[in-house]
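Each ligand, and each atom within it, is numbered from 1 in the order the structure gives. Being a predicted model, the structure only gives us computed values, none of them experimental.
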Amino acid sequence: MFLCIERAINYKPQIMKTIEIATPIEILSFDELNEIEQNVVNEAREATRRSYAPYSRFNVGAAIVLDNGEVITGANQENVAYPSGICAERVACYYAHARYPEARFVMIAISARGTDGNEIDHPISPCGACRQALLEYETIAGHDIAVLLVGKSEIYRLPSVKSLLPLAFSDF
Ligand code: THU
């Protein structure tokens, strides 16, 4: 038994190939964004005010630009049965697609205010479940959805949802 464990620890498998997946992240100030980006960032920031988060007191807002020109927002909605709550990103993307099923997503911005009520300095990034949900809309759009992660002092711009969720599960 001892020998087996030793062998497992020192086991050096032969590796056929190693690949690395890089996520490009541009870091910008609000002033460096174009008009559409500034507008969606403002919408996401405003949406944090409509968060219902009495348990975490962490207010998240998301805003999605659609190719029909509409901007749909969502905010996290919590529940006394904690797991029943839902993140801002899924509120926004499920509502957007329920409201305009024919429209394609173009861009999403995500903003948050911390327990002190102030906008967070550095951006947050969507949870795994939200990445998976958003990826579905990127897939059906047939093009990348730009992602803006909003902090007070800096904004992260990513080219797509799939850059946030490499090696995602997909059955199609
Ligand atoms: N939350 C979001 O709405 N989006 C995120 O990207 C991360 C977390 C919410 C869930 C919960 O209501 C609160 O923030 C604290 O986790």
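Side chains of Glu154 and Tyr156: a donor-acceptor N/O pair is present below 3.5 angstrom, by distance only. Residues Glu78 and Ser56 have side chains that bring a donor and an acceptor to within less than 3.5 angstrom of each other. At a cut-off of 3.5 Å, with distance as the only test, no side-chain donor of Arg45 or Ser111 sits close to an acceptor on the other residue.
Rounded to the nearest 0.5 Å, atoms OG1 (Thr48) and CD (Glu43) are 11.5 Å apart.
The residues lining ligand 1, counting any heavy atom closer than 4.0 Å, are Ser56, Phe58, Val60, Asn76, Glu78, Cys87, Ala88, Glu89, Ile124, Ser125, Pro126, Cys127.
Looking at Asp144 and Lys162, a side-chain N of the basic residue comes within less than 4.0 Å of a carboxylate O on the acidic one, giving a salt bridge. A salt bridge between Arg99 and Glu70 is absent, with no side-chain N of the basic residue lying under 4.0 Å from a carboxylate O of the acidic one.
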